[in-house]
Amino acid sequence: MPNRYKLTQSYFLNSDVVSLAKQLLGCYIHTEINGNYCSGIITETEAYAGKNDKACHAHLGRFTERTKVMYEIGGIAYVYLCYGIHHLFNIVTNTAGNADAILIRAAEPTEGVEHMLERRNKLKLTPQLTAGPGNFSKAFGITKQHNGLTVTEHQIWLSQGTSITEKDIVKTTRIGIDYAEEDALLPWRFYLKENKFVSKKSLS
DNA sequence: TAGGTGATCTTG
DNA sequence: AAGATCACCTAT
């Protein structure tokens, strides 16, 4: 694996979840699960801004068995089951009590593609192998059993990537949150403009 | 474009 | 205790 700087917990304590969601683009994500090492470049993220965001599971301080890890200190995983099938991977950010999180929606594979293909039951590397939050998590081997684990040590960790500038980033609305009324219009989904490993290109 | 899928949450 | 909901994906 390339020698890169691992992102430490302090990186995830940023109180500006929207700007951090952008900064994660271009960073590497690594997993080593059941001995299978994989890595990829993060290409698509969404920001969820805690209690004041109608699209966030922690909106209005909702505190349940499922959402409780969102209130912990930044730098841990929030993984939950969506539509009965998909394990969606989020990184909790900010200091404890804020419940901010960033959904990782897609990545471009760099290492361990054979493990991704096997987990996804595919033969060829195509964008849909790792684009879309359910596909991404499955390819990288992330499941609900990683809920609450740090993303700065073993099993799941991130490292610095190439620097990305504003002009490389598309900002658009988040997906699948029509119930969030006016917050559904916030441009809090970010992806790398020239990258094919993205779940859904915005119109225009 | 519709249907599968099942944990989670809300309501009665 | 039951029904609605859901940060999605795949194949017709």
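All chains are named by letter (A, B, ...) in the order of the sequence lines, taking the proteins before the strands, and each is independently numbered beginning at 1.
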Salt-bridge test for [X] and [Y]: reply yes if a basic N is under 4.0 Å from a carboxylate O, no otherwise.
X	Y	answer
A:E182	A:K54	yes
A:E153	A:K6	no
A:R174	A:D53	yes
A:E108	A:K196	no

Please work out if [X] contacts a base, only the sugar-phosphate, or nothing of the nucleic acid, heavy-atom cut-off 4.0 Å.
X	value
A:N90	base
A:S199	nothing
A:L81	sugar-phosphate
A:R174	nothing
A:L88	sugar-phosphate

Minimum side-chain heavy-atom gap A:F140-A:H115 below 4.5 Å: no
A:V170 side chain near A:S202 side chain, heavy-atom distance below 4.5 Å: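 Yes, side chains in contact.
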Greater than 12 external heavy atoms within 6.0 Å of A:K22's NZ: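 It does: A:K22 NZ has more than 12 such atoms within range.
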Bracket string, DNA chain C, 5' to 3' - pairs by Watson-Crick or G-U geometry under 3.5 Å, | interstrand: ||||||.||||.
Path from A:I41 to A:F190 over hydrophobic side-chain contacts below 4.5 Å: no
For chain A, the stretch of DNA chain B it reaches, first to last nucleotide, under 4.0 Å of its heavy atoms: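 That gives a stretch of B:dG4 to B:dT10.
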5'-most by nearest nucleotide on DNA chain C - A:G176 or A:R120: A:G176
Centroid separation A:Y80 to A:H57 less than 6.0 Å: yes
Worked check of side-chain contact (heavy atoms from CB on, under 4.5 Å) between A:T162 and A:I164: CA-CA 6 Å; A:T162 55; A:I164 301 295; 4.3 Å; yes
Nucleotides bounding contact with chain A, strand DNA chain C, heavy-atom threshold 4.0 Å: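 Reading along DNA chain C, I get C:dC6 to C:dT10.
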Partner of A:S39 under side chain to side chain donor-acceptor pair (under 3.5 Å), chosen from A:H30, A:E32, A:E111: A:E111
